[in-house]
Amino acid sequence: MPFASVCLPCLLRTSNIAEQARLPPTEDQLNKAADKAQAKADRAAAKEAAKVERKCQRDEKENEYAQTELKFLKELKSSVKAHARSATFACGGCVPFKTKGVADQQDAGNAIDAIQIRFGENGRGVVLSLPQDSASMGELNALVDECQPASFGRGNEEVHDEDYRKAGKLDRSAFATTFCPYEAGIIDVVSQLLVPQTKQDLHHCSIKAELYKLNVYSAPSGKFKAHVDTPRSETQIGSLVVSLPVDHEGGQLAVRNADKELVFDWSSSVNKADGKKAGASIKWAAFYSDCEHEVYEVTSGHRITLTYNLFVTRKCSVLKVFITLDDSINQGGLGHLAGSPSALEPKHLPLYDTLKTALASPGFLRHGKYPIPSQLTSIILTSTTPGRVLAIWLNHSYAHTNKHLNFLPSSLKGADMSLYETAHALGLWCKLGPIITTDWGYDDESSHRLASKFLGFNECNNGSGNLDPEGGEGFGYALPEGMVTWINPFPKKTQGRAGGDVEAGAKQSKEAQMAYMTYGNEPGIDIWYSRAVMLIRVPPFRLRGSEHPEQFWSGIRNDWAEDDEYDVYDDFEDYEDYHGYT
Ligand SMILES: O=C(O)CCC(=O)C(=O)O
Ligand SMILES: [Fe+2]
C-alpha cells in the first residue's frame with residue numbers, strides 16, 4: 001500500500017481541526033446554540049400552551065354541553081311527568097231522555113227514548129221501563145230480587161266477600177235491554193277521548209263495546225272496594241259503566257291512575273242540585289281498564305248499572321301512505337265527532353317542543369355509545385353518562401297472554417299513545433316492550449332486562465312468587481349503564497285512599513313486568529297486565545333526521561369500530577387527546 005498518498009499539508013490540517021475542536025466555543029457559536037435551544041423550548045412551550053388552550057376550550061365546550069344536556073334532560077323529565085299527569089284516563093257524561101209531548105226538544109241531538117230491561121224466566125218475564133214512575137216499583141223490586149250475589153276475583157279464585165264487594169248481578173244471558181251505548185253517542189265520545197286518532201294516522205281505530213253485566217248496589221252498604229277490571233283479551237282497553245235512572249244516594253265511582261283520582265257522583269241529590277240536568281238521564285263513565293277503581297257505599301236506594309267491556313279495534317294501516325294523502329278521509333269515522341278534525345296533534349303537545357329543541361342541540365346525548373373498547377369505558381362513560389336511547393316507563397299497564405305477543409303499539413292508551421306519536425312525528429324510532437327487573441338489585445337500572453316478549457306468570461315464576469328470568473332462556477337482554485337514559489322513575493303502585501285496604505298493585509315492587517291483579521272483578525283468566533317501556537333511539541347529532549339504521553340497536557349495542565362517529569369533536573385523535581388517552 002503506497003504510504004506517499006498522505007501528504008504533509010493534509011496532515012497539518014487534520015491536527016489543526018483536532019486542536020480547534022478542543023478550543024472553547026466562540027461567543028457567536030454559543031449564542032447561536034442558545035438561540036436554537038430557546039427556539040426549541042419556545043416551540044415546545046407554545047405547543048404545550050396551545051394544547052392546554054385547546055383542552056381548556058374543549059373543557060369549556062364540554063362543560064357547556066354537559067350543562068345544556070342536563071337542562072334538556074331535566075326539561076324532558078318534567079315534560080313527560082306533566083304529560084302523564086294531564087292525560088285523560090277516564091271520562092264521563094250524561095244522556096238525557098226525550099220528554100213526552102215536547103216536539104222540538106233541547107238536547108234532541110243525543111236525547112234517548114225510555115229504556116226497557118227485560119228479565120226473568122221464559123214465560124214469566126218482567127219488563128222494567130226507565131225512567132221509572134211510581135207504578136213500576138214492583139218491577140224494580142223484582143229486578144233486585146232476580147239478581148245473584150256478585151263475586152269477584154282474588155288471584156285465581158272466585159270469592160264472595162261482602163266486606164269487599166256487596167252487590168247483585170245479572171249475567172248478560174239473563175237480561176236484555178233496549179239501551180244501546182252506540183245510539184246514545186257514548187261510544188263516539190269514548191273513542192275520541194280514550195283512543196284519539198292522530199294527524200299522522202298511524203292507527204285507524206274504533207271501539208267495540210260488549211255488554212258484560214247488570215249490577216245492583218243497594219243500601220245499606222252496597223259497594224265494591226278498589227280493584228282492577230280483569231282483562232278478557234289483549235285488545236281490551238277499557239270499561240264503561242252506565243248508571244240507570246233509579247234514585248239512590250252515595251255509591252260514587254272513584255277511578256285512579258298514578259296519583260290522580262276522578263270521582264263520578266250519580267246520587268239523585270247531586271243530580272237534582274244541578275238545575276240544567278234536573279230531568280232524568282243516563283250517567284256514564286269510561287276508563288282504561290288497568291286503572292284502579294272502587295264504588296263507595298250506597299247509603300239509600302238502588303244504584304243500578306250496566307257494565308261494558310271496551311275493546312280497541314285499531315288497524316295499523318299498511319295503506320297509510322295513500323290514506324294520509326287525502327286529509328278528508330282522516331276526519332271521518334269513529335272518534336271524530338261531527339267531522340271535526342283529530343283531537344290529538346302531537347305537534348301541539350309541550351313534549352314535542354321540548355324533544356325537538358333538545359334534538360337540535362349537538363350536546364344532547366353526545367356520548368351515548370355502547371359498547372365501547374374496554375380501555376375507554378372508564379374514561380368515556382361514567383355512571384352519569386346519558387345513553388343515546390331514552391327509556392320511558394309507560395303510564396298504563398297492558399293486557400297480554402303467554403302465547404300472544406303484545407298488541408302494542410295499536411292498543412297504547414292515552415298518554416302512552418301520544419308519547420309514541422310525538423316521537424314518531426320527530427322521526428325517532430320507538431321500541432315498546434316489557435322490562436323485567438332481576439332479583440339482583442331492584443331500583444338499579446342496570447338490573448333491568450328488556451324481554452323479547454311479554455311473559456305469563458307460569459313462564460317465569462320460580463315458585464317463590466318472584467320472577468326468575470335468569471333461570472330461563474330467551475328473556476331478552478340487559479340494558480346496561482351508558483346505553484339508556486331513564487326519563488321517568490318506575491311507576492308507583494296506585495295508592496288507595498288513606499286508611500283504605502287497597503291491595504291492587506301489591507306485586508309491583510318486585511316484578512317490573514307483572515302488574516297488579518290481586519283484586520279483579522273476575523278470577524284471573526290467563527291474561528295479565530304488565531308494565532312496559534318505550535325506548536326511543538336518538539341518532540348521533542349529525543345523523544338526526546337522516547339516520548336509517550337496520551336495527552334498533554345498530555351502532556349502539558353492537559360494534560364500536562364500525563361506526564365510531566363523534567358528533568362534537570372533529571376526529572377521534574382529538575377526542576383521545578382531550579381525554580388524556582394515548
Ligand atoms: O258499577 C260501577 O260503577 C263499577 C262496577 C265495577 O267496577 C265492576 O263491575 O267491575
Ligand atoms: Fe270494575
Side-chain angles (χ1 to χ4, degrees), residues 89-94 117 143-144 147-154 158-162 164-172 174-175 177 179 181 186 190 209-219 221-232 236-246 248-257 261-267 270-271 282-299 301-310 397 399 494 496 500 502-505 516-525 527 529:
F89 61 93
C91 56
C94 163
I117 313 274
L143 177 67
V144 174
C147 287
Q148 308 293 313
S151 59
F152 61 98
R154 195 178 276 150
E158 183 173 1
V159 180
H160 282 101
D161 175 355
E162 290 206 340
Y164 212 85
R165 183 180 198 186
K166 190 178 168 214
K169 60 109 194 196
L170 283 185
D171 292 333
R172 59 183 268 185
F175 74 99
T177 177
F179 177 75
I186 294 174
V190 173
E210 219 172 77
L211 180 60
Y212 180 51
K213 300 238 155 106
L214 178 147
N215 287 126
V216 179
Y217 295 84
S218 302
S221 66
K223 63 175 167 295
F224 194 173
K225 285 190 182 168
H227 68 283
V228 169
D229 286 349
T230 312
R232 269 126 207 124
Q236 182 164 357
I237 196 163
S239 304
L240 166 67
V241 183
V242 171
S243 174
L244 301 179
V246 177
H248 68 274
E249 287 302 319
Q252 296 86 345
L253 169 68
V255 185
R256 302 176 191 117
N257 184 51
E261 180 182 78
L262 272 177
V263 178
F264 299 90
D265 192 347
W266 301 320
S267 307
V270 169
N271 194 29
I282 290 278
K283 311 287 186 309
W284 63 268
F287 46 89
Y288 292 124
S289 41
D290 63 303
C291 293
E292 183 189 286
H293 53 283
E294 80 179 285
V295 179
Y296 295 132
E297 283 195 15
V298 175
T299 51
H302 302 289
R303 176 188 186 273
I304 305 186
T305 54
L306 299 172
T307 53
Y308 295 81
N309 294 319
L310 303 175
S397 299
T494 312
V502 179
E503 287 195 31
Y516 39 87
M517 264 312 299
T518 307
Y519 284 97
N521 61 352
E522 197 169 280
I525 46 175
I527 300 177
Y529 285 119

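In listed order, ligands and their atoms are each counted from 1. It should be emphasised that the depicted structure is a prediction, and the values quoted were computed from it without experimental measurement. The residues of the chain are indexed from 1 along the displayed sequence. Scope of the values below: all heavy atoms of this structure, side chains included, with no hydrogens, waters or symmetry mates.
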Discussion item. Suppose we screen for salt bridge (charged side-chain N to carboxylate O under 4.0 Å, His left out). Which residues come up paired with K169, at least two apart in sequence or across chains?
Written reply: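 K169 satisfies salt bridge (charged side-chain N to carboxylate O under 4.0 Å, His left out) with D171 only.
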Worksheet item: Can you list the residues that meet the ring-ring contact (aromatic ring centres under 6.0 Å, His included) rule with Y308, with sequence neighbours excluded?
Response: none
Need the ligand 1 atom indices (1-based, order shown) with element for anything under 4.0 Å from a heavy-atom of [X].
X: R303; result: 1 (O), 2 (C), 3 (O)
X: V295; result: 2 (C), 3 (O), 4 (C)
X: H293; result: 7 (O)
X: D229; result: 10 (O)
X: N215; result: 9 (O)

Discussion item. So, regarding W266 and ligand 1 (criterion: nitrogen or oxygen to nitrogen or oxygen, under 3.5 Å), is there a contact or not?
Written reply: no
Worksheet item: N/O to N/O below 3.5 Å, does that happen between T307 and ligand 1?
Response: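 No.
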Using non-hydrogen atoms of the residue, decide whether [X] is closer than 4.0 angstrom to ligand 1.
X: K169; answer: no
X: H227; answer: yes
X: R165; answer: yes
X: Y217; answer: yes

Could you tell me whether a side-chain N or O of [X] sits under 3.5 Å from a main-chain N or O of [Y], the two making a donor and an acceptor?
X: S289; Y: S239; value: no
X: Y164; Y: A226; value: yes
X: R303; Y: G301; value: no

Item to complete: Compute the centroid of each ring, for F152 and then for H227, and state whether the two points are separated by less than 6.0 Å.
Response: no
Worksheet entry | L170/L143 under side chain to side chain contact (heavy atoms under 4.5 Å, CB included): CA gap, chis, key distance, verdict | CA-CA 9 Å; L170 283 185; L143 177 67; 3.7 Å; yes
Practice prompt. Give, rounded to 10 degrees, the angle between OD1 (D229) and NE2 (H293) as seen from the Fe ion (ligand 2).
Written response: 90°
Item to complete: Select one of side chain, backbone, both or neither to describe which atoms of Y212 lie under 4.0 Å from any atom of ligand 1, heavy atoms only.
Response: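 It is neither; nothing of Y212 touches ligand 1.
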